[in-house]
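To keep things clear, I will list the structure first and then write my remarks on it.
Hydrogens, waters and symmetry mates play no part in the numbers below; they use all other heavy atoms, side chains included. Each ligand, and each atom within it, is numbered from 1 in the order the structure gives. FYI, the numbering just counts along the sequence from 1.
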Amino acid sequence: MAARRCFMVLLAVLVLAPLLPTASLAQQPLKVGVILPMSGPFASSIGQQVYLGAKLYVAQHGDVVSGRKIELLLRDDAGVPETSKRIAQELVTNDHAEILGGFGLTPLAFAVAPIATAAKTPMIVMAAGTLVIPEKSPYIMRTSFTLPQQTAPIGVWAPKHGLKTSFTLVTDYGPGIDAENTFLKVYKENGGQILGSVRIPLQNPDYAPFVQRAKEAKPEALFIFVPAGEGAAVIKQCAERGLVKAGIKIIGPGDVMDDDLLDGMGDPVLGTITSHFYSAAHPSPENTTYVTEFQKANAGRRPNFMSVSGYDGMALIYQVLAKTNGSAEGDKFLSNAKGLSWMSPRGKMSIDPQTRDVVQDVYIREVKRVNGHLFNVEFDRIPAVQPDGRY
Ligand code: PHB
């Protein structure tokens with residue numbers, strides 16, 4: 001009898017044991033360490049926007065996935081790479097964050113990549129846009145954009161629409177250099193001529209002398225890349241120096257016409273043509289809901305392209321956790337993320353299984369006044385543009 005009871009207990013243990021890890025996992029909250037510039041010059045258009053987008057996703061979809069309660073642990077790196085790195089280490093080691101997200105600027109993503117690799121922690125880039133970022137760790141995935149992807153379409157469009165000569169002005173670091181290289185190549189291949197190129201420091205930029213040089217070159221178009229948050233400052237110089245009055249068209253990837261600042265830029269930007277993956281004016285049911293709910297949650301503030309990158313960062317996390325039964329174990333997470341596709345407020349997007357980078361539609365847009373406010377109004381769509389800009 002005793003032997004029989006012993007056998008039954010052993011049998012129960014053998015049958016139930018494989019289920020135990022899942023059951024106990026489900027009881028633990030899942031901490032997502034979100035590292036963003038929440039202070040300094042990139043706080044408003046990048047840090048806050050990404051975080052508010054991520055928070056909205058959780059509010060809309062509930063904070064429990066596969067039985068695990070999702071906790072966002074927000075940390076401010078103030079845009080300083082050494083700080084991002086220290087915070088990431090603390091999040092993984094002390095707070096037991098199982099996923100890292102955010103990364104507002106390229107150097108901040110670079111700084112954290114080795115930690116993701118060492119800890120085998122999924123790292124979701126929800127902002128930074130330099131093409132090579134996912135190569136820095138096999139645990140990186142991206143839900144934002146790349147500069148080659150956002151730039152190639154305007155490089156094709158401009159020379160075909162009468163803008164045969166251009167001057168380029170970019171911020172002098174990863175994404176700016178990607179934007180400049182892509183534009184130079186694609187624009188020339190399509191018959192355009194480059195009259196000059198300047199690169200401006202990321203820290204404390206003074207746009208005035210560079211804008212003056214651009215004006216003196218007398219191009220038909222001025223191609224601009226500046227990171228989110230800097231658009232208004234460079235446009236102010238263009239207006240003050242009479243570039244717009246001189247008939248020089250401003251073109252570029254959409255960062256310079258950031259929805260966070262656009263309405264304050266005023267008449268000088270009317271007619272500006274950019275190519276980009278997100279506009280608050282994107283006409284789709286998903287985006288109408290997104291903008292309405294974002295504004296409701298945030299005192300009427302308009303969402304920009306960074307917010308939707310944060311929103312979709314959470315969409316990626318939720319979809320993967322649903323497939324892995326709540327496990328964020330690095331290799332399992334990655335294999336379940338590769339190839340995912342979904343409908344975002346931006347339109348269709350997917351995670352390329354080879355590069356772990358984002359594939360998405362890019363739109364050509366013109367700044368227009370709609371109901372008294374400035375918006376990037378989309379008038380053409382290029383489907384499924386690859387991270388490296390091919391389509
Ligand atoms: C980046 O640092 O990678 C970055 C930041 C803001 C942008 C684009 C790229 O608008």
Side-chain angles (χ1 to χ4, degrees), residues 35-38 40-51 53 77-81 83-84 101-113 123-136 140-152 154 168-183 199-203 205 207 223-235 252-262 265 274-280 303-310 312-313 346 357-358 360 362 365 376 387-389:
I35 308 174
L36 286 166
M38 299 304 289
F42 299 104
S44 176
S45 294
I46 301 182
Q48 291 173 12
Q49 286 273 357
V50 171
Y51 184 58
D77 63 14
V80 179
T83 311
S84 319
F103 314 106
L105 296 157
T106 290
L108 313 176
F110 283 167
V112 174
M123 169 171 166
I124 299 166
V125 175
M126 304 176 180
T130 301
L131 180 60
V132 296
I133 289 174
E135 291 173 27
K136 302 294 176 186
I140 292 180
M141 294 139 280
R142 174 154 46 197
T143 58
S144 47
F145 54 91
T146 79
L147 267 304
Q149 178 181 60
Q150 304 307 313
T151 301
I154 194 72
T168 67
L169 182 157
V170 303
T171 305
D172 190 9
Y173 77 125
I177 294 164
D178 273 2
E180 185 194 276
N181 287 339
T182 305
F183 186 73
R199 294 178 181 178
I200 298 158
L202 176 63
Q203 304 297 340
Y207 296 110
F223 172 92
I224 300 179
F225 166 80
V226 290
E230 284 296 307
V234 69
I235 291 300
D255 311 66
V256 67
M257 292 293 118
D258 178 359
D259 270 302
D260 198 35
L261 306 171
L262 184 60
M265 293 186 197
T274 52
S275 49
H276 219 217
F277 68 98
Y278 183 71
S279 163
N304 75 353
F305 62 99
M306 290 296 183
S307 79
V308 85
S309 301
D312 284 314
R346 71 185 80 180
D357 216 334
V358 56
Q360 57 192 333
V362 175
R365 317 94 52 87
N376 294 297
D388 65 6

Checklist entry - Does a donor on one side chain and an acceptor on the other come within less than 3.5 Å for S84 and D77? => result yes
Checklist entry - Which residues satisfy the side-chain contact (heavy atoms from CB on, under 4.5 Å) test with A228, sequence neighbours excluded? => result S45, I46, D258, F305, M306
Checklist entry - Does the side chain of Y207 reach to within under 4.5 Å of the side chain of V226, using non-hydrogen atoms? => result yes
Checklist entry - Between T130 and T106, do the side chains contain an N or O donor and an N or O acceptor separated by less than 3.5 Å? => result yes
Item to check | Short side-chain donor-acceptor distance under 3.5 Å, T151 and D178 | outcome: no
Hey, what polar pairs (N/O, under 3.5 Å) does ligand 1 make with protein?
unit_1   : atom_1 : unit_2 : atom_2 : d
ligand 1 : 2 (O)  : T106   : N      : 2.8
ligand 1 : 2 (O)  : Y173   : OH     : 2.7
ligand 1 : 3 (O)  : T106   : N      : 3.4
ligand 1 : 3 (O)  : T106   : OG1    : 2.5
ligand 1 : 3 (O)  : G129   : N      : 2.7
ligand 1 : 10 (O) : A228   : N      : 2.9
ligand 1 : 10 (O) : D255   : OD2    : 2.5

Checklist entry - Looking at side-chain heavy atoms only, is the closest gap between M141 and M123 below 4.5 Å? => result no
